[in-house]
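Each remark here refers to the structure printed beneath this line.
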Amino acid sequence: RERLPALVVLAAALAAATTGAVGAVLVPRSSGSAPPDWAVAFCDVGQGDMAVFRSGPRAGVVVDVGPEPGLARRCLDDLDVDRVDAVLLTHLHADHAGGLAGVVDRASRGAVHYATRDAPAQGREGRGGEADGVDPLADAARLRTGATGTAGPVRWHVLLADARAPEENDASAQVLVTVESGAGPVTTLVTGDMEEDASAAWVAGRRSDAAAPPRVDVLKVAHHGARNGGTAVPRAAGARLHVVSVGADNPYGHPHRATVDALGRLGPVARTDLHGTLALTAADGPDPDGAPEIAVHTVRPPSSVRTGP
């Protein structure tokens, strides 16, 4: 929280919820197109996740691809990304991996990596109405705890990928992605759909195979802001911006009001259902630790597309 004064360049308003709680409502800058110096983007792909990290001119590293190929392809077009240097799938539920066909035609062979549990037949099925899982490409590689990779100014580190998790959400790879911008590194923690108990165990240091989550600039909130994502990781990560990737009017009630309220007490919250496809830029700022200021731009206004059952 000591980093909040040097926070995010954006317009924000405070709104009182019907319960009396007060939280930050993010109003990003509208640009209508991707800023030429964008570093990180979060795509409005309906009820699903997709993030893109700029790895070069017209190039990016993609983490998750949303549920539908057309929406994934549209986001790459909006960002002017013609070359995909790597695709990292946090897990194989369809709302994170179903849009792969819209991305792989811009990627080289062997660029796709994925995490999943070791017994997918018993645990890849969606729960509570979530879309069932998908099968990985034949030449895709598994993401394991400790795996690292680089592409231009982007580097990633898989902090945790639990192949022994009892169900697919908790097998989600926890991926730290760093983009070296002209103003300094911008760090993002992508959490997939890891749920509350597994997240709390990770934060508490009860995983002998993985260090606890680091403090980061941006947090992609777990499980579309569902209540069962918990708040242990957001509290530990101390992010300057929280991003909820979620579809408008989705049938699951995501994000949950309790989660939104908790995140709002930690700092600004951006939502793809309210703010559309977002691109983040970094600039030199007054932070004494040298952390860049982060500006949030709406590349595409939120769509009315509704994905999910």
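Just so you know, these numbers come straight off a predicted model, no measurement behind them. This chain uses plain numbering: 1 for the first residue, then up along the sequence.
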With W156 as partner, the option from V61, T148, V190, V179 fulfilling side-chain contact (heavy atoms from CB on, under 4.5 Å) is V61
Keeping the roles fixed (side chain from E68, backbone from G70), state whether a donor-acceptor pair exists under 3.5 Å. no
Can you list everything that forms a salt bridge (charged side-chain N to carboxylate O under 4.0 Å, His left out) with D284? Sequence neighbours excluded, please. none
Less than 4.5 Å apart, any side-chain heavy atom of L189 and any of L159? yes
If you define the side chain from C-beta out and look only at heavy atoms, does anything of R271 sit under 4.5 Å from V260? yes
Looking at every non-hydrogen atom in both residues, tell me the closest pair between T281 and W38 and how far apart they are. CG2-CA, 3.7 Å
Here the pair of heavy atoms bringing V203 nearest to P213 is CG2-CG, 3.7 Å
Taking all atoms of both residues into account, what is the closest heavy-atom pair of A161 and T145, and its distance? N-OG1, 2.9 Å
Polar side-chain atom of E168 near backbone of L92 as donor-acceptor pair, under 3.5 Å: yes
Show the atom names and distances, to 0.1 Å, of all donor-acceptor pairs under 3.5 Å that link a side chain in residues 99-111 to residues at least two apart or in another chain.
| residue | atom | partner | partner atom | Å |
| --- | --- | --- | --- | --- |
| R106 | NH1 | D77 | OD1 | 3.1 |
| R106 | NH1 | V81 | O | 2.8 |
| R106 | NH2 | D77 | OD1 | 2.7 |

Apply side-chain contact (heavy atoms from CB on, under 4.5 Å) to V218 and V40, showing your working. CA-CA 10 Å; V218 183; V40 182; 5.7 Å; no
I'd like to know whether D197 forms a salt bridge (Lys or Arg N to Asp or Glu O under 4.0 Å) with R206, so could you lay out the CA-CA distance, the side-chain angles of the two residues, the decisive distance to 0.1 Å, and finally the verdict. CA-CA 11 Å; D197 290 347; R206 297 198 297 271; over 6 Å; no
For the residue pair D95 and H224, confirm or rule out a side-chain donor-acceptor distance under 3.5 Å. yes
From CG (D249) to NE2 (H254), nearest 0.5 Å: 14.0 Å
Parallel, tilted or perpendicular for H96 and H91, by the 30°/60° rule? tilted
For the CZ atom of R240 and the OG1 atom of T187, what is their distance to the nearest 0.5 Å? 7.5 Å
To the nearest 0.5 Å, tell me how far T259 OG1 sits from R227 CZ. 7.5 Å
Interatomic spacing from CG in D162 to CZ in R117 - rounded to 0.5 Å: 9.5 Å
If we only count heavy atoms from C-beta on, is the L76 to V62 side-chain gap below 4.5 Å? yes
Any side-chain heavy atom of R142 within less than 4.5 Å of one from D118? yes
Less than 4.5 Å apart, side chain to side chain, heavy atoms only: is that true for V246 and Q47? yes
Quick one: which residue pairs count as a disulfide bond (SG atoms under 2.5 Å apart) with a foot in residues 47-79, not counting sequence neighbours? C43-C75
Of all heavy-atom pairs between R235 and L266, which one has the smallest distance, and what is that distance? N-CD1, 4.0 Å
Any sub-3.5 Å donor-acceptor pair from T191's side-chain atoms to K220's backbone N or O? yes
Strictly distance-based, threshold 3.5 Å: is any side-chain N or O of E196 a donor or acceptor partner for the main-chain N or O of G230? no
Once you round to the nearest 0.5 Å, how far does CG of L143 lie from OH of Y114? 9.0 Å
Would you sort out whether V299 and L278 count as a side-chain contact (heavy atoms from CB on, under 4.5 Å), showing the intermediate values? CA-CA 6 Å; V299 176; L278 302 172; over 6 Å; no
Report the C-alpha distance between R155 and E180 in whole Å, list the side-chain angles of each, state the deciding distance to 0.1 Å, and finish with yes or no for salt bridge (Lys or Arg N to Asp or Glu O under 4.0 Å). CA-CA 9 Å; R155 63 181 185 272; E180 291 292 343; 2.9 Å; yes
I'd like to know whether CZ of R73 has more than 12 heavy-atom contacts from other residues, nucleotides or ligands below 6.0 angstrom. yes
Does a donor on one side chain sit under 3.5 Å from an acceptor on the other, for T277 and D44? no
Correct closest heavy-atom pair for T178 and P185 would be CG2-CB, 3.8 Å
Does F42 form a side-chain contact (heavy atoms from CB on, under 4.5 Å) with T188? I'd like the steps, not just the answer. CA-CA 11 Å; F42 296 92; T188 302; 4.1 Å; yes
Okay, side chain of H242, backbone of A270: is any donor-acceptor separation there less than 3.5 Å? no
Check the pair L71, M50 against side-chain contact (heavy atoms from CB on, under 4.5 Å), reporting the backbone distance first and the verdict last. CA-CA 10 Å; L71 297 177; M50 180 175 175; over 6 Å; no
Do any N or O atoms from the side chain of R207 and from the backbone of W202 form a donor-acceptor pair under 3.5 angstrom? no
For the CZ atom of R54 and the CG atom of D85, what is their distance to the nearest 0.5 Å? 12.0 Å
All heavy atoms of V186 vs all of D217, minimum pair found to be CA-OD2, 3.5 Å
Evaluate the side-chain proximity of L176 to P214: yes if any heavy-atom separation is below 4.5 Å, no if none is. yes
Using side-chain heavy atoms (C-beta onward) and a distance below 4.5 Å, is R74 in contact with V45? no
Checking D64 against T90: is there a side-chain donor and acceptor pair closer than 3.5 Å? yes
